[in-house]
Amino acid sequence: MEDKFSWGVSTAAYQIEGAHNIHGKGASIWDVFANTPGKTHGNQHANVSCDFYHHYAQDIALMAQMNISNFRFSLSWSRIIPGGTGAVNPDGIDFYNKVIDFCLDLGIEPWVTLYHWDLPYSLELKGGWTNREIINWFTVYVQLCLKLFGDRVKHWMILNEPMVFTGAGYFMGIHAPGRKGLTSFLAAAHHAALCQAEGTRAARAIRSDATIGTTFSCSLIEPYTSSDNDQYAATKLDALANRMFVEPLVGKSYPVKDFKLLNRLENFVKDGDEAKLAANVDFIGIQNYTREKVTHSYMVPLLWAKVVKASKRSVDHTLMDWEVYPPAIHSMLHQFSSYGKPLIVTENGAAFNDIILNNAVHDHQRQQYLQMHIEQVLKAKQEGVDVRGYFVWTLLDNFEWAEGYRPRFGLVHVDFKTQKRVIKYSGHWYANFLQSHGESALQLSRTA
Ligand code: BGC
């Protein structure tokens with residue numbers, strides 16, 4: 001993949017597009033989950049959200065105005081193939097063609113995620129990620145997308161954060177499709193791990209010129225105290241949260257040695273899977289927001305460990321109760337660099353209570369958060385970590401999954417009643433940074 005450093009912003013289809021049931025789109029698991037009472041904060045859903053579907057031209061123009069030259073967005077599988085398999089939806093394809101072409105017209109490079117959590121609902125009715133058939137469903141979808149858009153889209157990500165969508169969606173039941181239990185989690189997890197590899201192979205077979213990666217959530221995990229029990233808890237959580245999906249992809253298999261429970265994945269492993277789990281990605285996307293402190297706990301079955309919330313530790317934290325701890329991203333870049341692949345920070349950002357005065361959004365905390373994290377990324381780069389990009393989560397305030405619209409992560413404020421956009425202080429800062437310091441800071445790191 002190219003050597004240059006890419007600065008950008010990241011988004012996801014379900015969180016911004018709206019237009020949930022028009023122009024031939026099929027329902028996704030998130031459409032169904034969020035429209036089921038009791039599942040999200042205030043029963044909020046993204047039926048409209050920022051209505052990017054109708055505002056894409058304005059929003060892409062806004063990015064150009066902000067000097068943003070790389071735009072990461074995801075494709076909604078059920079907008080392209082409404083039933084998950086079978087007939088395609090020409091209007092859905094037309095929408096993504098327009099988004100891609102308009103980006104390119106304005107000099108913005110599209111970076112496309114193939115799956116950011118919005119599985120077609122009809123596939124969930126057949127078992128969703130717990131059904132091994134998903135490998136075939138997903139492969140056909142990937143091939144189609146690469147054929148349709150691969151002439152213009154050069155950067156692809158196969159999955160967004162498999163740990164989160166399988167853990168929150170199939171173990172804890174707090175995200176779509178809302179299933180609970182170890183068995184559904186392990187099945188979904190193994191199939192997602194196979195799909196990230198099979199998807200990589202399928203994409204490459206269609207477009208050998210594509211740059212292909214996939215993304216992982218990661219947090220710096222540290223023991224709450226120096227007790228042996230807490231240290232053991234931290235090792236287990238690190239294996240589960242940070243290593244479980246990336247290690248099989250790079251040919252190291254699941255980290256069962258450090259978290260024995262993962263042995264039970266065996267129940268879903270078939271002959272030959274070990275080799276199929278590995279794939280040759282061009283880059284690894286890491287998505288870091290925070291550090292977690294972990295303590296041993298008899299209250300949490302299976303893991304026997306629990307995270308001590310930032311607010312309980314009286315440390316600086318965001319609206320999500322995530323500690324603000326910039327060295328975490330530096331540590332994670334070093335940890336993931338051991339896998340020997342170029343890294344891209346495909347998400348980093350923060351939700352705070354923004355102060356709006358005289359039509360201006362004074363989000364100084366977000367600006368500081370971003371600056372401190374970018375400094376840590378550049379520090380890791382200077383130290384020799386092969387990091388080639390940084391994408392802010394996110395462009396627009398949007399639907400924050402089970403948390404609804406309360407946490408705002410955007411560089412751009414959205415009034416969800418009027419759909420009016422206002423660039424926040426942090427957005428102006430990022431625009432200036434990209435125009436000047438972004439480049440010079442990097443030149444510094446190159447000559448160091
Ligand atoms: C996800 C985004 C999400 C963000 C903030 C990441 O886990 O990829 O969709 O909005 O974190 O929670």
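Worth saying up front: this structure is predicted, and the values here are computed from it rather than measured. Remember, it's 1-based here, ligands and their atoms both numbered in the order they're listed.
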Margin query: Is it true that Y289 and E347 share a donor-acceptor pair across their side chains at a distance under 3.5 Å?
Written below: yes
Check: Can you tell me if D118 and W30 form a side-chain donor-acceptor pair at under 3.5 Å?
Finding: no
Notebook entry, point to check: Can the ring centroids of H45 and F33 be said to lie less than 6.0 angstrom from one another?
Noted result: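 Centroid distance H45-F33: not below 6.0 Å, so no.
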Check: Among W322, F165, Y289, which residue places a heavy atom closest to atom 11 (O) of ligand 1?
Finding: Y289
When you measure from [atom] to every protein heavy atom, which one gives the shortest distance, and what is it?
atom: atom 5 (C) of ligand 1; answer: E400 OE2, 3.4 Å
atom: atom 7 (O) of ligand 1; answer: E161 OE1, 2.5 Å
atom: atom 1 (C) of ligand 1; answer: E347 OE1, 3.3 Å

Check: Mind checking whether V164 has a heavy atom under 4.0 Å from ligand 1?
Finding: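 Judged by the 4.0 Å heavy-atom criterion, V164 does not count as contacting ligand 1.
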Check: At the 4.0 Å heavy-atom cut-off, does H116 count as touching ligand 1?
Finding: yes
Note to self: Distance to the ring centre below 6.0 angstrom and angle to the axis at most 45 degrees; does that hold for R291 and Y325?
What the structure shows: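 Verdict for Y325: a cation-pi partner in R291.
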Margin query: Taking the six-membered ring of F95 as reference, does the cationic atom of R79 (NZ for Lys, CZ for Arg) lie under 6.0 Å from its centre and within 45° of its axis?
Written below: yes
Next item on the list: Return the orientation label for the F433 and W429 ring planes: parallel under 30°, perpendicular over 60°, tilted otherwise.
Entry: parallel
Margin query: Under 4.0 Å from a heavy atom of Q287: which atoms of ligand 1 are those, numbered in the order shown and with their elements?
Written below: 8 (O)
Notebook entry, point to check: Do W117 and ligand 1 have an N or O pair less than 3.5 Å apart?
Noted result: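 Min N/O separation from ligand 1 is not below 3.5 Å for W117.
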